[in-house]
Amino acid sequence: MSKKTILVAGGGGFIGGHLVAHLRGEGHSVRSVDVKPIDEWYQVSDGAENVVADLKDIAACHAACDGVDDVYNLAADMGGMGFIENNKALCMLSVLINTHLLQAAEKAKASRFFYASSACVYNADKQVNEDVVALKEEDAYPAMPEDGYGWEKLFSERMCRHFREDYGLYTRVARFHNVYGPDGTWDGGREKAPAAICRKIIHAKKTGETEMEIWGDGKQTRSFMYIDDCIKGILGIMDSEILEPINLGSDELTTINGLVEMVEGIAGVEFKHNHNLSAPKGVNGRNSDNTLIKKYLGWAPEIKLIDGMTKTYEWIQGEYTKKHS
Ligand code: NAD
């Protein structure tokens, strides 16, 4: 395999951190850029060029893209439902990151550009029932995505398409469905359901509480993809001839109540569940239709939810213990 110089935007974050570690492991030169101070990065890979910069700024994007072959844009101001429902303007401002990175990548004559989109682009009307029909790529239109965050993702997908059509820039776009695993956000308000549930159960166990709060009625259905499957999928999509945005997610469906019971099983505890019906809970049902990615790449998630959640629980337990000791 030829060795490349690769920019990972958002390398201090969850998915970006794992991607940098993987690319370094394959021997590539990696420039990892994130706006957070380095001591807040989830992973700092040895041998990578680690840069703190705000990629909303076009000058920072030109510097970041200078001399690189490939660009992976994993940078966004985002979080779980609690964050995106209350920070729509902030989420939409991430449009500056992808737009300026596209301009800079094109100017620097980068060979390839990857953009991390989301299942939040899908039309809300297709997600009203818990009893879901899995979302196909065509279900993003007519457009009625998640307010704020989803509109930004849908717009940025189209920017990638137009840079490909108008300037010949090689762009690839994946729509991630709930990614989880170690070395990601687990507290502070931006965490997503799998990490939040692990943290709540670890905390309740530690403090001797007998009850826990669940956002919504818990009947919402979702699928969750383990980080290792996600990284393989990203690399496969970047190498592919898939021009249109494509689903990258698990199709192992569960309810939020089911996920809570699974984590209780891992922890060896059982709590009384209090459902907070006024908390943000997102759409009622969502699953990934993987027909296209199976057809093009033969990709399917390999890690079962129970195995991935066990690893995630153990990692969060370690982080919780470090923080509270
Ligand atoms: P994350 O929050 O852990 O990582 C994003 C990183 O981007 C953070 O470290 C953040 O500091 C950085 N960032 C934000 N603004 C920046 C800026 N102006 N300049 C430079 N860096 C900036 O999130 P993640 O889970 O790793 O998500 C990565 C990408 O995947 C995002 O685009 C996200 O929207 C998308 N995505 C993630 C999921 C998921 O379940 N994790 C689902 C769908 C889509």
Side-chain angles (χ1 to χ4, degrees), residues 7-21 31-44 50-61 63-65 71-81 83-84 87 90-101 104 114-122 135 145-146 148-157 160 173-196 222-227 229-231 233-234 237 245 247-250 282 286 288 308 312:
L7 167 65
V8 178
F14 167 48
I15 303 173
H18 283 275
L19 183 63
V20 172
R31 181 177 297 148
S32 175
V33 182
D34 203 290
V35 72
K36 292 187 296 201
I38 293 238
D39 60 3
E40 291 176 23
W41 292 26
Y42 295 118
Q43 301 189 61
V44 181
N50 298 306
V51 179
V52 175
D54 183 349
L55 294 171
K56 292 203 292 304
D57 173 12
I58 194 160
C61 290
C65 289
V71 176
Y72 290 85
N73 178 15
L74 282 304
D77 218 338
M78 59 86 68
M81 283 318 298
F83 181 81
I84 65 176
N87 293 280
L90 263 189
C91 289
M92 289 201 82
L93 281 170
S94 295
V95 76
L96 296 175
I97 303 175
N98 196 60
T99 306
H100 288 155
L101 273 176
F114 176 91
Y115 175 62
S117 185
S118 163
C120 287
V121 300
Y122 283 114
L135 292 160
E146 173 80 33
Y149 178 71
W151 278 106
E152 189 277 320
K153 291 290 184 196
L154 200 59
F155 178 89
S156 291
E157 284 188 357
C160 290
V173 177
R175 291 178 180 154
F176 297 166
H177 290 245
N178 294 312
V179 191
Y180 73 99
D183 294 301
T185 312
W186 62 277
D187 71 350
R190 289 179 184 246
E191 63 278 15
K192 298 184 153 211
R222 293 288 185 281
S223 68
F224 299 95
M225 166 172 55
Y226 191 65
I227 183 67
D229 284 324
C230 177
I231 298 297
I234 290 173
I237 290 168
N247 281 334
L248 182 60
S250 169
R286 174 180 290 165
S288 176
T312 306

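As the structure lists them, so they are numbered: ligands from 1, and atoms in each ligand from 1.
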Considering only non-hydrogen protein atoms, determine which one is nearest to atom 29 (C) of ligand 1 and report residue, atom name and distance to 0.1 Å.
Leu74 O, 3.4 Å
From Asn178 CG over to Ser223 OG, what is the distance, rounded to the nearest 0.5 angstrom?
6.5 Å
Per-atom contacts of ligand 1 with Ser117, taking only distances under 4.0 Å to non-hydrogen atoms:
43 (C), 44 (C)
Dump the intermediate steps for side chain to side chain donor-acceptor pair (under 3.5 Å) on Tyr226 and Ser250, then the final yes or no.
CA-CA 8 Å; Tyr226 191 65; Ser250 169; over 6 Å; no
Less than 3.5 Å between some nitrogen or oxygen of Val35 and one of ligand 1, yes or no?
yes
Looking at every heavy atom in both Cys65 and Leu7, which two are closest together, and how far apart are they?
SG-CD2, 3.9 Å
Got the closest protein heavy atom to atom 19 (N) of ligand 1, with its distance?
Leu55 N, 2.9 Å
Are a donor atom and an acceptor atom from the side chains of Ser94 and Tyr149 found within less than 3.5 Å of each other?
no
Tell me which part of Arg190 gets within contact of ligand 1: side chain, backbone, both or neither, using heavy atoms under 4.0 Å.
neither
Taking side chain to side chain contact (heavy atoms under 4.5 Å, CB included) as the criterion, tell me which of Val179, Ile231, Leu74 meets it with His18.
Ile231
By side-chain hydrogen bond (donor to acceptor under 3.5 Å, both in side chains), Thr99 pairs with (sequence neighbours left out) none
Just by distance, with hydrogens left out, do His177 and Asn247 show a side-chain donor and acceptor under 3.5 Å apart?
yes
Could you tell me whether Ala75 and ligand 1 have an N or O pair separated by under 3.5 Å?
no
How far is atom 40 (O) of ligand 1 from its nearest protein heavy atom, and which residue and atom name does that atom have?
Val179 N, 2.7 Å
List every atom of ligand 1 that sits less than 4.0 Å from any heavy atom of Lys56, numbering the atoms from 1 in the order shown and giving each element.
18 (N)
Strictly under 4.0 Å, does any heavy atom of Trp41 approach an atom of ligand 1?
no
Ring of Tyr122, cation from Arg286 - is the NZ or CZ under 6.0 Å from the centre and inside 45° of the axis?
no
Name the closest protein heavy atom to atom 34 (O) of ligand 1, giving the residue it belongs to and the distance to 0.1 Å.
Tyr149 OH, 2.5 Å
Which part of Ile97 is near ligand 1, with near meaning a heavy atom under 4.0 Å away: side chain, backbone, both or neither?
side chain
What's the shortest distance from atom 26 (O) of ligand 1 to any protein heavy atom, and which residue and atom give it?
Ile15 N, 2.8 Å
Distance from atom 6 (C) of ligand 1 to nearest protein heavy atom, with residue and atom:
Asp34 OD2, 3.6 Å
Check ligand 1 against Gly10 and write out every atom of the ligand that is under 4.0 Å from a heavy-atom position of the residue.
6 (C), 7 (O)
If you apply the rule salt bridge (Lys or Arg N to Asp or Glu O under 4.0 Å), what do you find for Arg190 with Asp77, and how did you get there?
CA-CA 10 Å; Arg190 289 179 184 246; Asp77 218 338; 2.8 Å; yes
Quick one: nearest non-hydrogen protein atom to atom 25 (O) of ligand 1, plus distance?
Phe14 CD2, 3.6 Å
Note: ligand 1 atoms sitting under 4.0 Å from heavy atoms of Asp54 are 17 (C), 18 (N), 19 (N)
Using heavy-atom distances, let me know which of Lys192, His177, Met78, Lys36 sits nearest atom 42 (C) of ligand 1.
Lys192
May I ask you to check if Lys192 and Phe14 form a cation-pi contact, with NZ or CZ under 6.0 angstrom from the six-membered ring centre and within 45° of the axis?
no
At less than 4.0 angstrom from any non-hydrogen atom of Lys153, what atoms of ligand 1 do you find?
31 (C), 32 (O), 33 (C), 34 (O)
Residue portion contacting ligand 1 (non-hydrogen atoms closer than 4.0 Å) for Asn178:
backbone
Between Ala53 and ligand 1, which part of the residue brings a heavy atom under 4.0 Å of the ligand: side chain, backbone, both or neither?
backbone
Geometric class of the Tyr72/Phe114 ring pair [parallel <30°, tilted 30-60°, perpendicular >60°]
tilted
Check for me whether Gly12 has a heavy atom closer than 4.0 Å to any atom of ligand 1.
yes
How far is atom 4 (O) of ligand 1 from the closest protein heavy atom, and which atom is that?
Gly13 CA, 3.4 Å
Looking only at the side chains, is there a donor atom on one of Ser117 and Glu157 sitting less than 3.5 Å from an acceptor on the other?
yes
